[in-house]
Amino acid sequence: MSTKIVANLKDRERAINDARRSSELEGSRSTDETRADQDAYVRGEIDIEQLGHRVRSRYGLA
């Protein structure tokens, strides 16, 4: 795996961890389904647009 890909995956992981931490500080927690989608994003299986679409669709916002 190239250094650029690894750095991108680390950035994705950091962004998701920050989002989760922010939610938890506000007294909330992502559903297991949303966390699975977030994990797929971190692994590079989906992009940010797909992540957003999945989450919005789950809550009837798409």
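Everything numeric here is computed off the predicted structure, so don't read it as measured data. In what follows, residues are counted from 1 in the order of the sequence shown.
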Worksheet entry | Point-to-point distance, once rounded to the nearest 0.5 Å, from NE2 of H53 to CD1 of I46 | 10.5 Å
Discussion item. Has Q50 got a side-chain atom pairing as donor or acceptor with D47's backbone, closer than 3.5 angstrom?
Written reply: yes
For residues 35-42, run the donor-acceptor check on the side chains, cut-off 3.5 Å, and write out each pair with its distance to 0.1 Å, sequence neighbours left out.
unit_1 : atom_1 : unit_2 : atom_2 : d
R35    : NH2    : E24    : OE2    : 3.0
D37    : OD1    : R54    : NH1    : 3.1
D37    : OD2    : R58    : NH1    : 3.2
D37    : OD2    : R58    : NH2    : 2.5
Q38    : OE1    : R20    : NE     : 2.8
Q38    : OE1    : R20    : NH2    : 3.1
D39    : OD1    : R20    : NH2    : 2.9

Fill in: side chain to side chain donor-acceptor pair (under 3.5 Å) partners for D11, two or more places apart
R14
Worksheet, complete the sentence: When I16, L9, N17 are each screened for side chain to side chain contact (heavy atoms under 4.5 Å, CB included) with E13, the one that passes is N17
